[in-house]
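Notes for the one structure printed next.
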Amino acid sequence: MKKIISLVLALLMLLTCIPALAETFPAEGYDGSEVTIKFRHVITKDDQLALVNDAIAEFNKIYPNIHVELENVGGSYNGILDTSKTELPAGNEPNIVFCYMDHIADYNNQAGAVQVLDELIDHPVVGLTEEQKADFIPGYYKEGASFGDGKMYALPFYKSTEVLYYNKTFFDENNLTVPATWDEMEAVCAKIKEINPNSIPLGYDSEGNWFITMTEQLGSPYTSATEPHYLFDNDVNKDFIKKFNDWYNKGYVTTAGLYGGYTSGLFTSSEEMRSYMSIGSSAGATHQRPQKNEDGSYPFEVGIAPMPQVDPANAKAISQGPSVCIFAYKKPVQEILASWLLVKYLTTDVTFQARFSIASGYMPAIKSVLDNAEYQEYLAKADGGDNVAVQSVKVGMSITDAYFTSPVFNGSSAARNQVTALLKKCLGMSPDELASGIDAAFQDAIDECEYAN
């Protein structure tokens, strides 16, 4: 009997340490008490850190008793994941962390540690207004509820997508049209190959993103938040693999894995073996710009366009970049409320979101930034040279309705790793090797996912 009583008491203590639902948060919200919260991030550049500190100073004018400690872990998202997972069992983890959504799956798998945000979002005093909810870029906001259980676990902080960089000077000189579809891309690659046989017309930095984006554009299965999780072994996906294998064997395309480095190096090259198009992160625009000539001019002007599509009327582009989540394990209610207030402020304050986007080259989380005078002045500077990063953000903000994210579950990162390896492997095969080996390659990838999970 004593053992049973001890177990019940232990369970009650545990339940009081993990706030989760409506009963936990008082109707009045944060009570104004002295609270210290730690925010773990990856921001390393001085100008960006200064903006965060300025925003916290403004936040403290509203909430002077909420003291915020910033902690950097060396600019690594995985560093945040590994450090926080190690600290969780003892309750030493910070209050707020930068995260990717599959990180939350890891955290909750270990300790059920991440605060569900629904009660906070809908709280009558400290929650989001309907206008604030609607202001988030839809694809970014939906990512916070990508676990399949209908609950919100994170809010977007800043984001990026993939865009098509192209050598505008070369395109103009050769009367080439920027491809809006993959069929048009194939035709343009063929023309470029005729003009410069030594070129590789297109470079794509991320095999994983390419595979996942194609499944979304084609409406073919990739993964599911519920079992069975791994659905990418299907004929539709095999067909686009066969198509891109043909491109690779014709010399139309390479990827970072096959090229041996970011394909921006091929795009900015002055050698005969170069690319004239590159698909990469919108936040990496300056890496897609060539070095200046001795006279201060650029060898060519960089053009930027949205990702090619299967169907432009149903456009899909991947959403990337960090969100923020709140830890609840062994955290007092007022700490959680204070953490929420800071997360809410940083993700919904137009001035901060505008200025951080300007400083970082990432896209803001909210649409109303586009109406900010300072941000409009920033976007007006967009060009294919000194302000190529601005041009990239401008293109990214023009396709916000296209953004998607994939389902998240324990093992979702394994799927991404395996389709990355799968696409690289299959592109590098000869046509005969692919014909005889594609089924086995897909099955092996599925098996590796199941094994990792």
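Numbers for residues simply follow the sequence, beginning at 1.
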Legend entry - Under 3.5 Å donor-acceptor, Thr255 side chain and Tyr204 backbone: no
Legend entry - Closest non-hydrogen atom pair between Val163 and Ala305, with its separation: CB-O, 3.6 Å
Inset, instruction - Indicate yes or no for a side-chain donor-acceptor contact from Gln309 to the backbone of Met307 under 3.5 Å, with no hydrogens or angles considered. - result: yes
Inset, instruction - Starting from the C-alpha separation in whole Å, work towards a yes-or-no answer on salt bridge (charged side-chain N to carboxylate O under 4.0 Å, His left out) for Lys243 and Asp239. - result: CA-CA 6 Å; Lys243 179 175 184 175; Asp239 284 344; over 6 Å; no
Inset, instruction - Kindly confirm or rule out a cation-pi arrangement of Lys238 over Phe442, judged by NZ or CZ under 6.0 Å from the six-membered ring centre and within 45° of its axis? - result: yes
Legend entry - Donor on one side chain, acceptor on other, Asp349 and Gln353, under 3.5 Å: no
Legend entry - Donor-acceptor pair, side chain of His229 and main chain of Ser224, under 3.5 angstrom: yes
Legend entry - Candidate pair Trp210 and Phe244, rule ring-ring contact (aromatic ring centres under 6.0 Å, His included), full reasoning: CA-CA 10 Å; Trp210 198 5; Phe244 297 146; 4.2 Å; yes
Inset, instruction - For residues Tyr100 and Tyr77, establish whether the separation of their ring centroids is below 6.0 Å. - result: yes
Inset, instruction - Spell out, as yes or no, whether a donor-acceptor pair under 3.5 Å connects the side chain of Asn72 to the backbone of Ile43. - result: yes
Inset, instruction - Evaluate the ring planes of Phe157 and Phe356, with Trp represented by its six-membered ring, and classify them as parallel (under 30°), tilted (30 to 60°) or perpendicular (over 60°). - result: perpendicular
Legend entry - Sole residue of Phe300, Tyr166, Tyr276 in ring-ring contact (aromatic ring centres under 6.0 Å, His included) with Phe171: Tyr166
Legend entry - Donor-acceptor under 3.5 Å (Asn65 side chain, Ser33 main chain): no
Inset, instruction - Indicate yes or no for a side-chain donor-acceptor contact from Thr86 to the backbone of Asp82 under 3.5 Å, with no hydrogens or angles considered. - result: yes
Distance-only donor-acceptor pairs under 3.5 Å for side chains of residues 394-408, two or more places apart:
residue, atom, partner, partner atom, Å
Ser398, OG, Val395, O, 2.6
Tyr403, OH, Gly396, O, 2.4

Inset, instruction - Examine Tyr153 together with Tyr107 and report whether their ring centres are nearer than 6.0 Å. - result: no
Legend entry - Side-chain ion pair, Arg40 and Glu93, N-O less than 4.0 Å: no
Inset, instruction - Evaluate whether atom CD of Glu34 has more than 12 neighbouring non-hydrogen atoms of other residues, nucleotides or ligands under 6.0 angstrom away. - result: yes
Inset, instruction - Show your reasoning for whether ring-ring contact (aromatic ring centres under 6.0 Å, His included) applies to Phe211 and Phe240. - result: CA-CA 9 Å; Phe211 189 103; Phe240 75 70; 5.2 Å; yes
Legend entry - Parallel, tilted or perpendicular: ring planes of Tyr375 versus Tyr378, cut at 30 and 60 degrees: tilted
